[in-house]
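Have a look at the structure below before the remarks.
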Amino acid sequence: MKQKVTGMVLMSAGIGEYDKRVVLLTKEEGRITAFARGARRPKNHLSAVTEPMCFGSFYVYAGRDSYSIDDASIDNYFPNLKNDLEKLYLGMYFLEVADYFTREGMRAPGELELVYRSLLALEKEVIPDELVRRVYELRMMAISGYQPHYDTEKNVYTDDVGVWKVSDSTAYTVGQILTLPLSKLYSFTVSDRVQKELDKTVGAFLQRNADKQFNTLKTLNSLQI
């Protein structure tokens with residue numbers, strides 16, 4: 001039976017001579033693997049709609065181990081990000097992080113909305129890209145169960161490893177990132193001092209909870225040198 005899911009393409013790769021293997025992050029089914037038959041043929045209707053960052057409705061058939069994409073209606077594919085190489089790779093990094101922290105078959109409405117709104121924030125340049133990155137990383141880990149906790153007696157955040165020794169302003173910002181509705185997540189800016197503390201603490205927090213090196217981040221870092 002054909003099923004309609006709302007989702008975003010996280011990854012897409014050629015398989016065989018004419019097909020694509022696609023990883024979708026969906027609201028209803030979480031992360032799923034799907035095959036787009038004939039998507040690499042010239043002028044095939046699935047070719048453009050199965051590229052990374054494509055967001056919309058996908059019509060899929062469930063198989064024993066994977067899905068098959070029959071059709072799609074794309075609402076946004078973030079074309080402006082492709083005009084800036086650093087923004088493009090930062091967006092691709094967001095997709096790679098989402099792929100890592102989500103699970104097959106587990107509903108992911110929060111994760112999907114977070115990825116979508118984060119790419120929008122990058123594209124519209126509502127706040128600095130580096131702040132978007134740290135907000136995204138921390139909120140994605142929180143949604144996935146890796147949330148630091150606030151110690152009201154000591155006025156610090158703690159995680160499973162240690163204490164976040166940051167200024168009061170940064171502690172407040174962390175609280176905002178963890179609790180604001182996703183629709184308002186990118187509605188504030190921070191000082192240079194707070195940004196530096198977020199870079200240090202959130203970066204270290206991510207390293208402690210992700211046992212892999214993100215390839216897109218390596219490429220992004222090389223572009224910024």
Does Val156 have any side chain to side chain contact (heavy atoms under 4.5 Å, CB included) partners at least two apart in sequence or in another chain, and if so, which? Asp151, Lys154, Thr158, Val163
Do any N or O atoms from the side chain of Asn44 and from the backbone of Arg40 form a donor-acceptor pair under 3.5 angstrom? no
Mind checking whether Lys218 and Gln213 have side chains closer than 4.5 Å, heavy atoms only? yes
Show the nearest heavy-atom pair for residues Leu119 and Gly91, with the distance to one decimal. CD2-CA, 3.6 Å
Checking side-chain contact (heavy atoms from CB on, under 4.5 Å) against Val132, which of Leu185, Val126, Leu90, Ile127 comes through? Ile127
Check against side-chain contact (heavy atoms from CB on, under 4.5 Å), Ile32 and Val23: CA-CA 6 Å; Ile32 64 174; Val23 177; over 6 Å; no
Which atom pair, heavy atoms only, marks the closest approach of Arg193 to Ser167? NH2-CB, 3.4 Å
Could you work out, with ring pair (Phe, Tyr, Trp, His ring centres under 6.0 Å) as the rule, every residue matching Tyr93, not counting sequence neighbours? Phe214
Can Val135 be reached from Leu217 by stepping across I, L, V, M, F, W or Y side chains whose heavy atoms are under 4.5 Å apart? yes
Looking only at heavy atoms, the pair that brings Glu137 and Val202 closest together is OE1-CG1, 3.6 Å
For residues 95-115, which side-chain donor-acceptor pairs fall under 3.5 Å, sequence neighbours excluded?
from   : atom 1 : to     : atom 2 : distance (Å)
Glu96  : OE1    : Asn215 : N      : 3.4
Glu96  : OE1    : Thr216 : N      : 3.1
Glu96  : OE1    : Thr216 : OG1    : 2.4
Glu96  : OE2    : Lys212 : NZ     : 3.0
Glu96  : OE2    : Asn215 : N      : 3.2
Tyr100 : OH     : Asp211 : N      : 3.0
Tyr100 : OH     : Asp211 : OD1    : 2.5
Thr102 : OG1    : Ala98  : O      : 2.6
Arg103 : NH1    : Tyr100 : O      : 2.8
Glu104 : OE2    : Thr33  : OG1    : 3.4
Glu113 : OE2    : Arg117 : NE     : 2.7
Glu113 : OE2    : Arg117 : NH2    : 3.4

Are the side chains of Val22 and Met11 in contact, using a 4.5 Å heavy-atom criterion? no
I'd like a table of donor-acceptor pairs (distance under 3.5 Å, sequence neighbours excluded) in which one partner is a side-chain atom from residues 57-83, with atom names and distances.
from  : atom 1 : to    : atom 2 : distance (Å)
Asp70 : OD2    : Lys2  : NZ     : 3.3
Asn76 : OD1    : Phe78 : N      : 2.8
Lys82 : NZ     : Tyr77 : O      : 3.0

Do the side-chain N and O atoms of Glu28 and Gln3 include a donor-acceptor pair separated by under 3.5 angstrom? no
Heavy atoms from other residues, nucleotides or ligands near OH of Tyr186 exceed 12 (cutoff 6.0 Å): yes
Please round to the nearest 0.5 Å and tell me the distance separating atom CZ of Phe55 and atom CE of Met8. 6.0 Å
With sequence neighbours left out, what residues match Thr26 under side-chain hydrogen bond (donor to acceptor under 3.5 Å, both in side chains)? none
Output all residues satisfying salt bridge (charged side-chain N to carboxylate O under 4.0 Å, His left out) with Glu130, sequence neighbours left out; order by chain, then residue number. Arg133, Arg134
Run Glu123 and Lys87 through salt bridge (charged side-chain N to carboxylate O under 4.0 Å, His left out) and show every step you take. CA-CA 8 Å; Glu123 190 173 51; Lys87 285 183 179 291; over 6 Å; no
For Arg21, I'd like to know if atom CZ has over 12 heavy atoms of other residues, nucleotides or ligands within 6.0 Å. no
Is the NZ or CZ atom of Arg41 both under 6.0 Å from the centre of the six-membered ring of Tyr18 and within 45° of that ring's axis? yes
The side-chain hydrogen bond (donor to acceptor under 3.5 Å, both in side chains) partners of Tyr116 (sequence neighbours excluded) come to none
Hits for side chain to side chain contact (heavy atoms under 4.5 Å, CB included) against Asp159, two or more places apart or cross-chain, chain-then-number order -> Val161, Trp164, Phe205, Arg208
Value for CG (Leu198) from CG (Leu138), rounded to nearest 0.5 Å, stands at 8.0 Å
Within a strict 4.5 Å, meaning less than it, do heavy atoms of the Leu10 and Met53 side chains meet? no
In short, Thr189 meets Pro128 closest at the heavy-atom pair CG2-CD, 4.4 Å
Which atom pair, heavy atoms only, marks the closest approach of Cys54 to Ala48? SG-O, 3.4 Å
List in chain and number order the residues that pass salt bridge (charged side-chain N to carboxylate O under 4.0 Å, His left out) with Glu86, two or more places apart in sequence or in another chain; answer none if no residue qualifies. none
Report the residues that fulfil side-chain hydrogen bond (donor to acceptor under 3.5 Å, both in side chains) with Glu51, sequence neighbours left out, ordered by chain and then residue number. Lys20
Under 3.5 Å, is there a donor-acceptor pair between the side chain of Ser144 and the main chain of Met140? yes
Which residue pairs pass the ring pair (Phe, Tyr, Trp, His ring centres under 6.0 Å) test when at least one of the two sits in residues 118-138, sequence neighbours left out? Phe94-Tyr136
Can you find a pair of side-chain heavy atoms, one from Asp129 and one from Leu122, that are under 4.5 Å apart? yes
Test of understanding: clusters of I, L, V, M, F, W, Y form through side-chain heavy atoms closer than 4.5 Å, transitively. Do Leu46 and Ile15 belong to the same one? no
Between the main-chain N or O of Val166 and the side-chain N or O of Thr170, is there a donor-acceptor pair closer than 3.5 Å? no
Below 3.5 Å, can you tabulate the donor-acceptor pairs from side chains in residues 172-179 to any protein atom, sequence neighbours excluded?
from   : atom 1 : to     : atom 2 : distance (Å)
Thr173 : OG1    : Ser169 : O      : 2.9
Thr179 : OG1    : Gly175 : O      : 2.7

